[in-house]
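Labels below follow one simple rule: chain letters A, B, ... track the order of the sequence lines, proteins then strands, and each chain is numbered from 1. Reckoned from all heavy atoms, side chains included, excluding hydrogens, waters and symmetry mates.
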Protein chains: 2
Amino acid sequence: MFSNLAHMTTSSSRVRMSPESRREQLLELGTRLLATRTLDEISIELLAEEAGISRGLLYHYFHSLQEFHVAVVRRAVEDLYAITAPRDVGDPLEQLSVSLGAYVDFVSENYTGYVSLVRAASGSNEEIRKIYQDARRALTDRIFDIAGAEELATVGVVDSPATRLLTDGWAAMVEDVVMAWVTDPHGLSREELLNRLARALPAVVVA
Amino acid sequence: MFSNLAHMTTSSSRVRMSPESRREQLLELGTRLLATRTLDEISIELLAEEAGISRGLLYHYFHSLQEFHVAVVRRAVEDLYAITAPRDVGDPLEQLSVSLGAYVDFVSENYTGYVSLVRAASGSNEEIRKIYQDARRALTDRIFDIAGAEELATVGVVDSPATRLLTDGWAAMVEDVVMAWVTDPHGLSREELLNRLARALPAVVVA
């Protein structure tokens with residue numbers, strides 16, 4: 001992929017990609033770089049060095065580096081949402097555990113960028129904060145949408161504003177624990193981690 | 001207090017406070033302002049307007065506004081630690097619930113400043129991040145120190161690295177839920193909130 005992108009710096013006619021494909025490639029490159037770099041580290045210089053992307057080419061598709069960063073974060077968050085989609089197997093807790101496993105893998109594989117995204121979202125960047133908050137909301141909403149009221153009732157969960165408030169808190173806990181676990185498992189196996197986090201949700205929300 | 005501080009701008013001999021007392025007064029003013037302002041809003045102009053503190057006076061006690069902000073945050077966090085001290089009444093969960101109640105009140109009364117502190121700690125300010133992280137660590141360590149191993153065992157909690165990891169996550173959840181609850185209780189009474197949060201700790205850490 002990097003060698004393809006290198007061609008993009010030449011404006012010669014031998015590269016016949018649609019604008020959408022090029023924009024797409026730039027976003028893929030950005031999310032790949034974000035795995036091991038912070039947002040701030042994704043500079044024009046790095047893009048030039050890693051994939052021969054010139055300032056002119058980037059600015060053809062994005063108004064600014066900041067706009068590129070925002071688009072990369074949006075894409076990374078879409079990827080996270082997609083890979084953590086629950087599979088329709090087992091009871092709600094088993095489904096939740098599978099989704100959590102995908103989340104743990106995502107954080108593991110994209111650790112540096114994920115931490116920088118969380119920090120940017122907690123800091124002064126309003127645009128990234130909104131993307132992050134919308135994503136967290138969508139992830140927790142999906143738990144309720146997928147399971148459905150009847151199925152949730154089997155584990156004692158009643159959907160209500162209080163339940164949603166506590167579920168948001170549970171998501172904050174999951175994020176905190178997983179980011180720490182990835183750097184040091186503290187003697188917890190991956191399976192134990194997933195079990196603890198999944199079981200914690202009903203424990204927190206059931207009255 | 002504000003009228004006393006107004007005198008401090010005059011360097012006349014009628015104000016006979018020790019340097020420690022003056023520094024102390026400045027910190028008290030700072031933490032009081034932080035209740036309803038963000039850190040960024042605590043400017044030299046605000047200090048002059050609210051309490052007649054001149055740039056010269058502030059810089060006599062602190063090298064910079066940034067140093068003053070850091071000292072104010074340290075003081076606010078010390079206050080939080082002090083007022084959430086567990087009372088030696090009831091079982092570990094009741095003690096925890098009482099501490100949580102004090103924490104909820106602190107966040108309620110200092111909402112704007114507390115949110116800005118959490119954001120500063122999550123953002124790029126390394127010094128404030130360290131104060132914040134040390135405080136959160138001290139708050140969770142105290143749960144284990146106070147209760148003691150035997151008492152914890154009565155609620156099924158065994159102290160271990162995994163328990164500490166999950167307790168840190170629980171603290172992240174408490175912070176997230178309480179900050180949201182203060183702005184909108186979502187139908188949860190204060191008592192219900194404290195019960196849910198207190199019960200969540202053993203639910204999360206017990207294997």
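In this structure, chain B has a heavy atom under 4.5 Å from the backbone of A/Pro185, while its side chain stays farther away. When heavy atoms are compared at a cutoff of 4.5 Å, A/Val206 approaches chain B solely by way of its backbone atoms N, CA, C and O. If you measure heavy-atom distances from B/Val118 to chain A, you find no contacts under 4.5 Å at all.
Using a 4.5 Å heavy-atom cutoff, the side chains of A/Val177 and B/Val204 are not in contact.
Across A/Ala203 and B/Ala203, no two heavy atoms sit closer than the pair CB-CB, 3.3 Å.
With sequence neighbours excluded, no residue forms a ring pair (Phe, Tyr, Trp, His ring centres under 6.0 Å) with B/Phe106.
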Considering distance alone, list the donor-acceptor pairs between chain B and chain A shorter than 3.5 Å.
unit_1, atom_1, unit_2, atom_2, d
B/Arg136, NH2, A/Asp176, OD1, 2.9
B/Ala162, N, A/His186, O, 3.3
B/Asp176, OD1, A/Arg136, NH2, 2.9
B/His186, O, A/Ala162, N, 3.3
B/Arg196, NH1, A/Val205, O, 3.0
B/Val205, O, A/Arg196, NH1, 3.0

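Heavy-atom pairs under 4.5 Å with chain A peak, among B/Ala180, B/Ala200, B/Ala162, B/Ala171, at B/Ala162.
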